[in-house]
Every structure is written in C-alpha cells, then in structure tokens.
Amino acid sequence: MLEKTYDPQAIEQKLYEQWEDGGSFKIGSRDNAQPYTIVIPPPNVTGSLHMGHALNNTLQDILIRHERMRGRDALWQPGMDHAGIATQMVVERMLEAEGTKRRDIGREAFIDRVWTWKGESGGLISRQLRRLGASADWSRERFTMDEGLSEAVLKVFVDLYEQGLIYKDKRLVNWDPKLLTAISDLEVQQQEVKGHLWHFRYPIEGEEGRYIIVATTRPETMLGDTAVAVHPEDERYADLIGKHAILPLVGRRIVIVADEYADPEQGTGAVKITPAHDFNDFEVGRRHDLEMINVLDQEARINENAPEAYRGLDRFEAREKIVADLDALGLLEKIEDHTHMVPFGDRGGVPIEPWLTEQWYADAATLAKPAIEAVEQGKTRFVPENWTKTYYEWMRNIQPWCISRQLWWGHQIPAWYGPDETVFVAHDEAAAAEKARAHYGKDVELRRDPDVLDTWFSSGLWPFSTLGWPEKTPELERYYPTDVLVTGFDIIFFWVARMMMMGLHFMGEVPFHTVYIHALVRDEKGQKMSKSKGNIIDPLELIGEYGADALRFTLAALAAPGRDIKLSPQRVEGYRNFTTKLWNAARYCQMNGCVSDPAFDPSACTQTVNRWMVGEMARLRLRLDGALDAYRFNEAAQAAYQTAWNTFCDWYLEFTKPILSGGDEAAIEETRKATGWALDQLLLMLHPFMPFVTEELWQQLAPQGRETALIRAGWPEYGEEMVDAEASAEMDWVVRLISLIRGTRSEVNVPAGAKIAVLLKDLDATAEGRLERHRDLILRLARLESIGITTDIPKGSIQDVIDGATLVLPLADVIDIGAETQRLKKEIGKLEGEIGGLEKKLANEKFIANAPEEVVEENRERLAGAMQSRDRLNEALARLQAA
RNA sequence: GGGCGCGUAGCUCAGCGGGAGAGCACUACGUUGACAUCGUAGGGGUCACUGGUUCAAUCCCAGUCGUGCCCA
C-alpha cells in the first residue's frame, strides 16, 4: 500500500541509484534505433549547481527522457570544463592561504596541485545534477583536460596553424593587469564609472603662449602620447594641422594630425593620441604612421619609457601625480565630472589595459564564414528564431580571436622556439625537434611556448571531442552531428559560435541541427540573481524542501520561449502540491483495485466515461508531443498538469465512483482496468517532467512488478483515432450540466450538504439519452436527491438553461423572488448583448462574403444557441413573475 | 547610437486574426472513505495609448509613452 503522503527525500536517491546502477542512462543497447544526442554545456569544474544550471539541465533531461521513451537511442553526453582562469584562481587562493604562491612552487608543482584539487573537490556539480534527476550517461563523462580531449586540442591547433588559420601577431590586446594575462573581447565587461574629464594645455611649438587643449579620461597615458588629433573640418584647429605640440612633462615633440576620429562635439574637439594604450588611438596611429610608445608594464605600472619621476608608479598613482604636476605648471585647464564606460576583466575584476603584446590568434573571420552559411541555409536553426539575428550580428563582425593566455592551467600551446625565435608548431616536442632539425640542419635547443589556450578553444570541440575525435570511433560516426544544443543566450558567442566554426571545419558538418536558447532565471522580483544582491535561490534547497520533481516541473512550466523566468518558491510549492495530488490519485486507484492490465485494450471500452477518458489521454499525447517537438516546454507542462488534475482527478475519478460502487460487474471490471490504464498513461507522459514520483508510482502500483522501469517504458503512440467524438460531446454536456447545477445552487445559497431535487424541462432526445445514461453520476456530483423530467414548472422555481434543456430547481422555500428576477434579467441582458453583436455581424454582407464558411456557420450556431437560451430564460422570468 | 524583447485579472504570466485564459492571491461554503499539500462556487480585465490594414484586431503594420536586456 502506498504511504499516506509522498516524501521525495525518501525515494529520490534510491531511484536514481537504481537507474544509474541499472544502466538506464547508458547507450549501447539500442543498435537498431535512431540515435538522439545532446551534449551537455559542460559546467566549470569549479562550479556548483545554480538556478541557471537547474533550468538548463531540466530542459535537456525532459528532451532526453522523452526521446528515450519514444524508443530513440538517446545519448546525453556529460562532462566538465577545466575553466582555465576560474580554476587557477581557486588553487591560487588555496596557496595564498598556505602563505605561498604559484611562482614559488613552479609550474609543474602547481599543475599537480590543480589536479589534486580536482580529484578532491572538483566535480561537485555532477553529483548535484544527479539530485536533479539528470539522466546523462555518466559512464561517458569527459573533462576538457583529459587525455583524449587534449589530443583533440593538439590536433586542432596544429592543423589550423598549418592551414594558416592560427598565427602570431603583435597588436593591442585586452590585458588584465591583475591576472597578468591577455583575455578575449568577450571576457571584457564594459562598466559605467563616474570619473572625470581632464582638460590639459599642450603648448604649440614655436608659438609662445599658444596651446591646444585636449580632454582625456586617462591622464596617465599622456606619457605615451605621440600625436594630437583634430577633425579635418574643424575650423578652430585648421591652421594647426601639421604643426607640432610639445608634450608637457615629457618634452616630446608630437604632431597635430587631422583625423575623423576626433569628434568636434566631444570635449574640446582635440584629442590626445596614445597608440600603445587605446584601441581607437591604435588605429589613428596606424593611419598616420605614428610611433607607439608603451609606458606601462604588465602590472600597469609606469615603465622605463616614461620620465624617471613617474617610473614604478601604479597607473592610478601616476594619474594623480600627473594631474598635480600639470596643474603646477599651469597647464590644467579644467576638470569636469564625466561618466563613461570602463572595460573590466570579468574574472580579475580590475580595469583591463589595452596593451601591446605578441599573442596567438585564430582567424575567426575565415572560420566564421561556413558557420554563417550553415545557419543561412537552415542547417542549424535557432529556437526562438530571433537569436539568429544576434548570431549573424556577431559572426559577421567577428574580430581575430586571441587564443593565448598567460596562465598555467590549461592546454599548453604546442609551439617551440629555436635559438633565433623561429617557431615550430607540432604535435609534440619530438616532432618539433624534427622540424627544427630540418630548418637549422642540426639539433638545437628548443624552448616551449609557456602560454595555454583559451578555455573556449577546447570547449569549442566538445560535440565531437567527447565522442572520441580525432579517433574515428563508432560513437563519433553514430552520434555526430548531435541533435539539439540547449543553452542560455549569454554563451551564444563564447560557445555556440565556436562549436559551429570548429564543427564545420573539422567534421564538415554542423554540430547540431537546433540550438534552443532558454531564458535567464531571475528572482521573484525580476532581478538577476547575484551573490552581492543576496537574492540567490539555491536549487538544492528547493529540492530539499519540495523535491526535485516540483522544481523541475516549475522550471518547465515557466520556460516560455523568449521571456525570463521569475522564480518564486511559492510557485514551486504549487507544483509540489501537484505531485501530492498525483500520489493521492494513485492511492485512490490502488484502494479501488484499479490496476492496469497488459491485456486491456483502451479502444474497446464500452462505457461512455471510459471512452471519453481514453480520448482525453490521446489528446494529451498529441498536445505533449506537439509541444515538446516545438520546444514549448511550458505548453507541454501545462497540458499534462491540466489533464492530470482537472480531467483525470476532478472529473474522471468522480464520474466513475458510481460505477465502481454499483452492481454492474462488467462495467466495474472495465472501469477498474481503464482507470489503471489512464493512470499509467499519466505516469508515462509526466515522467520526463517528474521522473521520481512517476517512477515510484509505476513500480509500486504494479501487482507483480513491471517488466521495464518507467524510464525505459514505451511512450504512448495513439492519437486521434482514439477520440470518440460522441463520447466527448456527451461527457462535456454532463460536465456543463453538473457545473450549472452547482453554480445555481451556490448562487442561491443552497447549503453544500443539502440534497435537492431538480427537474429538466423541454429536453430534446439527445439530452434525454444523456441524462438517462449518466443519472447516477449527475446525482452524486451535483449533490441531488433526484433529477426528473417535467413539462410543468412548479411555483417558486429557479431556472436556467443548458443546451437541449431548461434546468428547474424547485426551491419555493428558499427562493428570493426579487433576487432571482434580477439574476435572470442580468443573464438575459448578457445574452441580448451577444445576440445583438452576432446579428449585426451576420447581417454584414461583407462578412458573409469574405469570412470562411465554417466561421460563418459557427456564428450562426452561436446565434441560434444564444437566442434559444434567451427565450427559455424569458419564459422562466415570465413564470417567476406570474407566480 | 545599433539590435532584441516586453507592457493582458491584485501578482506571475499563457494566448497572438473570428466566443478574454491559467496558477497564485482574494471572498464564501465545506459535503462524498484518494487528497485540507484538498473540494465546490464566486468576484475581478476600455488585452498601455493613437492611428492604419481587414468583413473581423488583444493578436498584423506604423507611431507614441513606459520598461528590460545585449552590443558600441
């Protein structure tokens, strides 16, 4: 017997172990089935499960479980990302706590420490994903730094280098002066900062007392100025173009150039040019062939290229001193408050410095071309579709991708340098030495490039590296291209774009045919969750309180495309109640001997209620598959919820009670089996959303156990052919009649416990048949003593109408004639309004001419129905007033 | 400045060319051997505004106002 209440904590872990240990998540047992593949967005090895993960993985699990039940050979490929900077920072903090630093212990020892850390503490998240119920094939779990994936990275680097798509270049990069590494454009966050705009006077050479005033937000970079730019059409400065200014504090002679970059509206219209420390100035410098003077070291301190007085000063100290010194010289014109955007490194959290260094780059523009075309040709499709535009925007304006990082944790770049700095890129040192020997004609000492690759370089290979590439494995052959990628929009550029480029380049095929982009999970007020705001909702806490199924169902139900999710615990509580409801319905079935029978044929039911219910299940199956195939998780969840709660629990189980307690053995038998069958169908169809409670019920309800666990059970395949339109119409009418009686009762305050007698007048043949067939359940559900047919209306009756009959409640003793008159008049008024509108519409020739025939017909029927109801109510009103 | 969204019941949101919906909250009543984590009933909306297209607009188009995000 089922427990009185459902306790998720008691069963979730047990079932998960049963699934995992039983190999339910594993591929390899369905060789004849069509594969279905999803690769997980690999969480950082440092990560722990947050609400975004919970959503992301719930959606993937719904898709995987759905397809697995449909019989596909479903692979959900799990794994983790080594997360270069994040992981290195974690271990560096540990070292710091021990009073040491990575440079003190050296590269090799440091990397050993990282691996040790990973072994001990890494991968917490994969245990947390299990608590969520994620049915990934953990036996295939991969890590971006494991041997196979590292091999893939090596091959990709070497191949791209040999194809000329990877190269070294010296240009400005985003330099993080705290982490001491270059980072990519994407890792830079622009933040609004309240700063100042300083106006300085630069003396004009040879014109005593004349100055050009430049405005800057970064005074410290003036030490590296090599020009002043003005707009070519700016008349204020026309005569200065080509002349020189003398750079104060430094004494350098710098040219005044005309360049459209100078905005006459901004500041003074004259702008100082520091080609080595600003991306825009760098371009100006190129155009005018200006000298680039680097005045900062790697930690953003003033270096030896600046006057001695400033050397060694931090960039912010230098700023203060320079302003003070210029002021002392009378060269400070003014200081304005100024709010502007400052680039920050997303990991280090300090302003990044555009800095001139040599780095490795990937030719993203070339790689992007096929990736753009693939989407244009529909080979990969974004859902919702509007993300396509975002993808194009970025891909069409893509910049060279800086792939080298000055870190230790990551894939070390397979490049070796000879004594004269000639570079040899090769799979390993031996191969590099081979190349060097060929180049120099002798053996030389080689030095390996110390840099590692951007983490996204390896995650870009994820859809094929996890399947075994560069080996030609059977898995690679079978599961690539994958089917759908499920992710948040924030990593379209970081990850999706890179996978598209790499997949097309190395596999010759798109990595997935669909990219489903889901929303962000926010708190209940719509704010982004963040540690600093303290509004983080921990998915594991919710799982602990309400169960994994409740959380999963909530996320699915709220996952409407294109809108962020505002998550409130109250909502989760509501879906927890739904699991309870399902549990109780199952208990009821069990108590009443309603168990499924493998021999039961739902299409052979004779009882109308059962035929109706079977049709409802078929409708649900169609709605669910339709919604899930379109990635409309919210619609799918809603459909399942409605059918389970409203249709099955509220109506069907109530409808069948009179049968089960009646004397018709054949009907009882059929109804028991039908009820057991229906519950099974609900468990099947709810399983992708709520795997735990459904599996538990599935197993507990089977008298002799089940052949297959629910996770591997077959998805329903029936459809329209199971819908008996007649039975549907009939039961809908019964529902309307019962609702009408209940509503009327409550409106005139008949006590809930009182059983009353009602009459039906002017029944048509259909209604009469329906009444006779369902008398018992109408009596029970409407709480009636009797329901009869009359041609006469007793005095003091309340009346209302339903299609095919007038409802009469003889309640002379409780009726308030005044109130009842008002009620009827109000209802008649409403109908009159509707009739007026419909008549007007149907009198419109253009409507008749242009609207589709079925719409016209529908309106005619509605008009007829409304008129009939109105007439019956008018009659009722007349009788009431006559009484 | 460019791009993408969103303004529908008190709240959170579905719907998106032909009869305004759900959940929660609220009100009233609790009766039936699954369920009070529940049941039944009820109140509550010029579908932001202004124009246009259409036989027909909450839905399509344009503009306005408000609001959010992404990129410069």
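First the proteins, then the strands, lettered A, B, ... as listed; each starts at 1. These numbers were taken from a predicted model, which means no experiment stands behind them.
In this structure, A/Lys657 is positioned above the aromatic face of A/Tyr588, its NZ or CZ under 6.0 Å from the six-membered ring centre and within 45° of the axis. No cation-pi contact links A/Arg672 to A/Trp677, judged by a cut-off of 6.0 Å to the six-membered ring centre and 45° from its axis.
Panel note: side chain A/Asp564, backbone A/Leu520; a donor-acceptor pair is recorded below 3.5 Å. No side-chain donor-acceptor contact under 3.5 Å links A/Arg571 to the backbone of A/Leu558.
The same atom, P, is picked in B/A41 and in B/G23; the two are 12 Å apart, to the nearest Å. A gap of 24 Å separates the C1' atoms of B/G5 and B/G45, to the nearest Å. Distance noted for atom C1' between B/C47 and B/G15: 11 Å (whole Å). Using atom C1' as the reference point in both B/G39 and B/U31, the two lie 9 Å apart (nearest Å). Rounded to the nearest Å, the gap between the C1' atom of B/C11 and that of B/C60 is 30 Å. Rounded to the nearest Å, the gap between the C1' atom of B/G19 and that of B/A34 is 37 Å. Separating the C1' atom of B/C55 from that of B/U46 is a span of 23 Å, rounded to the nearest Å. The gap from the P atom of B/G42 to that of B/G21 amounts to 13 Å, rounded to the nearest Å.
Of the listed nucleotides (B/C55, B/A25, B/A34), B/A25 has the atom at the smallest distance from the side chain of A/Gln570. Considering only the side chain of A/Tyr641, B/G23 comes nearest among B/A41, B/U37, B/G23. When distances are taken from the side chain of A/Asn386 to each of B/G5, B/U12, B/A72, the shortest belongs to B/G5. Residue A/Ala851 places its side chain closer to B/G18 than to any other of B/C38, B/A14, B/G18. Comparing B/C55, B/G39, B/U31 by their nearest atom to the side chain of A/Trp645 picks out B/G39.
For A/Glu635 against B/A22, no side-chain N or O and base N or O form a donor-acceptor pair under 3.5 Å. A donor-acceptor contact under 3.5 Å links the side chain of A/Lys581 to the base of B/C35.
Base engagement by A/Lys657 is indicated by at least one non-hydrogen atom pair under 4.0 Å involving a base atom. In this structure, A/Cys589 reaches neither bases nor backbone, as no heavy-atom distance under 4.0 Å exists between it and the strands shown. Base contact: A/Arg780 has a heavy atom under 4.0 Å from a base atom. When heavy atoms are screened at a 4.0 angstrom cut-off, A/Asp650 is found touching the sugar-phosphate backbone but no base atom. Backbone-only engagement by A/Ser746 is indicated by non-hydrogen atom pairs under 4.0 Å involving sugar-phosphate atoms exclusively. A/Arg576 comes within 4.0 angstrom of a nucleotide base, judged by non-hydrogen atoms across all strands. Across all strands shown, A/Ala560 has heavy atoms under 4.0 Å from sugar-phosphate atoms exclusively, and none from any base. Residue A/Arg742 is in sugar-phosphate contact alone, with no base atom involved, counting any heavy-atom pair closer than 4.0 Å across all strands shown. Counting non-hydrogen atoms under 4.0 angstrom, A/Pro751 reaches nothing in the nucleic acid. If you check every strand for non-hydrogen atoms under 4.0 Å, A/Glu845 touches nothing.
In summary, the aromatic rings of A/Tyr575 and A/Tyr546 are positioned with their centroids too far apart to meet the 6.0 Å limit.
Put simply, CD on A/Glu3 is 18 Å from P on B/U37, counting in whole angstrom units. Protein atom CD of A/Glu573 is 13 Å distant from nucleotide atom C1' of B/C38, rounded to whole Å. Look at NZ on A/Lys4: it is 10 Å from C1' on B/G33, rounded to the nearest Å. Atom CG of A/Asp490 and atom C1' of B/G5 are 16 Å apart (whole Å). One interatomic measurement links the two molecules: CG of A/Asn844 to C1' of B/A56, which rounds to 9 Å at whole-angstrom precision.
Taking 4.0 angstrom as the limit, A/Lys389 places none of its side-chain polar atoms (N or O) nearer than this to OP1 or OP2 of B/G3. Contact between the side-chain N/O atoms of A/Asn850 and the OP1/OP2 oxygens of B/C55 is found at a separation under 4.0 Å. OP1 or OP2 of B/C38 has not a single side-chain nitrogen or oxygen of A/Trp583 nearer than 4.0 Å. For A/Lys841, no side-chain nitrogen or oxygen approaches OP1 or OP2 of B/C55 to under 4.0 Å. In this model, the phosphate group of B/G15 is approached by a side-chain N or O of A/Arg632 to a distance below 4.0 Å at OP1 or OP2.
Take the nearest nucleotide of RNA chain B for A/Asn646 and for A/Phe578: the residue whose nucleotide is more 5' is A/Asn646. Along RNA chain B, the nucleotide nearest to A/Trp651 and the one nearest to A/Thr5 differ in position, and the one closer to the 5' end is contacted by A/Thr5.
Salt bridge annotation for A/Glu858-A/Arg862: present, with a cationic side-chain nitrogen under 4.0 angstrom from a carboxylate oxygen. Under a 4.0 Å N-O distance rule, the pair A/Glu616/A/Arg623 does not qualify as a salt bridge. Comment: A/Asp549 does not engage A/Arg576 in a salt bridge, judged by the lack of any side-chain N to carboxylate O separation of less than 4.0 angstrom.
Using modelled atom types and a 3.5 Å distance limit, the side chains of A/Thr671 and A/Asn610 yield a donor-acceptor pair. Between the side chains of A/Ser596 and A/Asp680, at least one donor N or O sits under 3.5 Å from an acceptor N or O.
For the strand RNA chain B, secondary-structure stems (runs of at least three Watson-Crick or G-U pairs, all distances below 3.5 Å) span B:1-7 with B:65-71, B:10-13 with B:21-24, B:26-30 with B:38-42, B:48-52 with B:60-64.
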